[in-house]
Amino acid sequence: MTGPTTTSARRRGPTHREQGRVARVSLLIPSHSLPPLDYLVPGHLTGEVRVGAAVTVPLSGYGRVGIVVGFGGSADGRALEKVRTVVRSLSLPSGVVKLCGWASMASAQPLPTVLQVALPPGTRLAYEVIRPAPDWPWKAGDQVTRTELRRTLGPAASRTAEVEGRISLSPVHPERRMVEWAVASGDEDASPPQRATRQRELLRALEEHASGLPARELLRMTGAGRGPLNQLVRRGALRLTARPDGAPISYTRGSGVDLDGYREGAERALKAGGSWVWRTSTDEGPVVAAAIARLAVRRGGQILVLAPDVGCVDWLVRDLVRLLPAGLTVSPYHGSLGRERATAYEAARSGEVDVLVGTRTAALVPLASLGAICVVDEPNEDHRASRDHKGLHVHARELAMARARIEGAAAIFLSPTPSLRLYAPESGARRLSPRLPVRWPSIGVVDMRGTGASLSSSLIDGCREMVRSGGRVGVVVNRRGLATSVSCRHCGHVVCCPSCDRPLALRSEPETDPGAASNNGVPKGALVCSGCWRREKSPDSCPACGSERLRAVGLAAEGVRDSLAEALGVEVGLVAAENRESEGTRIVVGTPRLVLREGWDMVAIPDADAFFSGYLSTEKGFRVIYRAAEASRERLLVQTRSPGHPALLAALRSDYESFVATELPGRQALGYTPYGHVAEISLTGPEGEVRRAVESKLRPALGPDVKATEIMPLPSGPDGGRISWRLLLRGRVRTEVASAAAIVARSAAGTGGKLRARIEMDPEEV
DNA sequence: AGCACGCCGACT
DNA sequence: GTCGGCGTGCTC
């Protein structure tokens, strides 16, 4: 980012101040190549221009908006342009700017991109007409878009108009229709006399809604007029407030009694500040978050609760409203909030909201007085994943740690099985005493070595027993579709993807009968490559030896569902990403993320090994098995061909510590986070451009402590057909790895779209 | 020689 | 994002 400029500005002392300060401005232009630029601060703005101030400045003659990220700047004596205006509504606290700077470095994303995420959502820029020229079609106060202005006046006249101060770049905030809300004050003394029936009706209607009701809605419900309402206001029994239409803010309505069990831990973390890992069970997550929230608010701060996805955010909001003592405000914050998001942002910034619950974007929202950050389900990779290109490529864990450090708050990470990168002592996160339940299901391990079958009699009998006694069974499978591969019974050949050579998985064709078998036992369906998503027609005979004795092998959701339904003679439900059928049945098969969302009497895992092999890490496998045990009330049954696998056994014993003890040394040896950092660079474009970016720009710039792999061609990217390439950078120091990765990103940005680069810092699996 | 067009770096 | 410089290649 920018250098340590505040000190140098101070050193220059009063002489420099007399000349006017130099502000370093990061311009909000989606460009990789533009570093922060220096501008003179005119005397009348010195008071307002601080780090975080949003300013308008000229660039190539045109006005642009930028954020002040520092002071001082280059001393090369060039004539600097002046800061034109300060835009208060877009200004950020300096702490948030620091955080954005850190996030930009850590993710190798351009600073303006990150700053954009921290700015009020939904704001658009327009020119406000200040002093119109006589021949202009606009009057003073009008809002004119940049394109409209250029179309009418032409580029030269537009620039002159801006320089002369006839127009000024200013943000247009999304329209917020205000609606009148009635909220009961809860003041007993203010209750109306017995005979004032209308007033009493109004209050009774409000009792059900602690967070209040729109006044119009209240009057409609009760049939009362404006008179009784005003009477109540005069008495002080209720107050009327203007709230933005569709405000997402809720008022809590619990008692807080359930939260005392977690007080001690929360107190310890909040008093000391810094980062804390707290091993608490998944189900208790909301209660722990609530306990931390209550304490943070008591200590006069706000709390930020970060959840991995939108569904989880909404669910947490509901729980917090139910659990927290009445009188606190809770608001969600995430991308799919639409217009309400701007409202939540303002409420958080002004301090109106006590608890802001959101996805990782919320980690950059300015808060009036941040006391604590609570990250729920810390190891979940959805805390980072951003399929969309414009999202933040930083895990919420990292943002929370950085923000807590910058703002002097406490960051608390919840999970029964924290990520190794966080739990490693070197991460700097301290540990609170685990609060895990004693309940653990009885464990059954079926050794599948030497068996051809995919479902053991133990598993089938177990399911049958459970169903007979009225219980429900969740069956957890790694893959969707009918089977993980198709092989030849005669020669053993496995049908593989022609472009990337990975085994092709069998999916049921939507148009054919799912699970329908052809005469010779080969299931009908489409073959799909798990690596490059290529689709192939299912062959009638073995591509290697021509035999027609093909069979589907490997456990996948639909295949397991069909086999179980047949073996048990009952309907079996299916929950996979896109595909949900009869979810309410006694037995449901699906992927862990969907099946393990709820509790079951028994959980069965027909192929536990699948979670430890392939592209899935030991860590993920451990977590799936552990979560499966958490989710089963009575019994957990796993089938495996490696019954001695240490991580599997540790998970089944609920022994997180021994899992950590065996895994950390390897992690350290390989230099994975927190012992080192990796940048995964994916490039899409012609080979020449890739080589130019990597060999002539990146490699010469590499320091001695960052190592780059060769460029590996990827079979074919997800963006159909175009050739992708990949390389990894490794080093001990994060900034060194990230800035090397940023060289490639900038280089790709300079090719005008010929080369596209995607940087992933410290991906979970490489 | 004169001009259109596209690439590339500067802009503070 | 916007501009202008410069090189390439085509035309008068």
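Lettering of chains follows the sequences in order, A, B, ..., and the numbering in each one begins at 1.
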To the nearest angstrom, the CG-C1' distance between D38(A) and dA10(B) comes to 15 Å
Does anything in residues 148-169 of chain A form a ring pair (Phe, Tyr, Trp, His ring centres under 6.0 Å)? List the pairs, not counting sequence neighbours.
none
How is L27(A) classified with respect to the nucleic acid when contacts are heavy atoms under 4.0 Å: base, sugar-phosphate, or nothing?
nothing
Applying side-chain hydrogen bond (donor to acceptor under 3.5 Å, both in side chains), can you list everything that pairs with T709(A), at least two apart in sequence or on another chain?
none
In this structure, how many angstroms lie between the P atom of dG1(C) and the CG atom of L169(A), rounded?
15 Å
Derivation of the side-chain hydrogen bond (donor to acceptor under 3.5 Å, both in side chains) call for T684(A) and S724(A)
CA-CA 4 Å; T684(A) 308; S724(A) 289; 3.2 Å; yes
Just the rounded figure in Å: distance from P of dC11(B) to CD of E81(A).
12 Å
Euclidean distance, atom CD of residue E689(A) to atom P of dC7(B) [Å, nearest integer]
11 Å
Can you list everything that forms a side-chain hydrogen bond (donor to acceptor under 3.5 Å, both in side chains) with E695(A)? Sequence neighbours excluded, please.
R699(A)
For R166(A), all residues meeting salt bridge (charged side-chain N to carboxylate O under 4.0 Å, His left out), sequence neighbours excluded:
E164(A)
Can you tell me the distance, in whole Å, between the CG atom of L149(A) and the C1' atom of dG1(C)?
16 Å
Find every protein N or O atom lying less than 3.5 Å from an N or O atom of nucleotides 2-8 of chain C, and list the pairs.
residue	atom	partner	partner atom	Å
dC3(C)	OP1	Y62(A)	OH	3.1

Pairing residues for H677(A) by the side-chain hydrogen bond (donor to acceptor under 3.5 Å, both in side chains) criterion, not counting sequence neighbours:
D762(A)
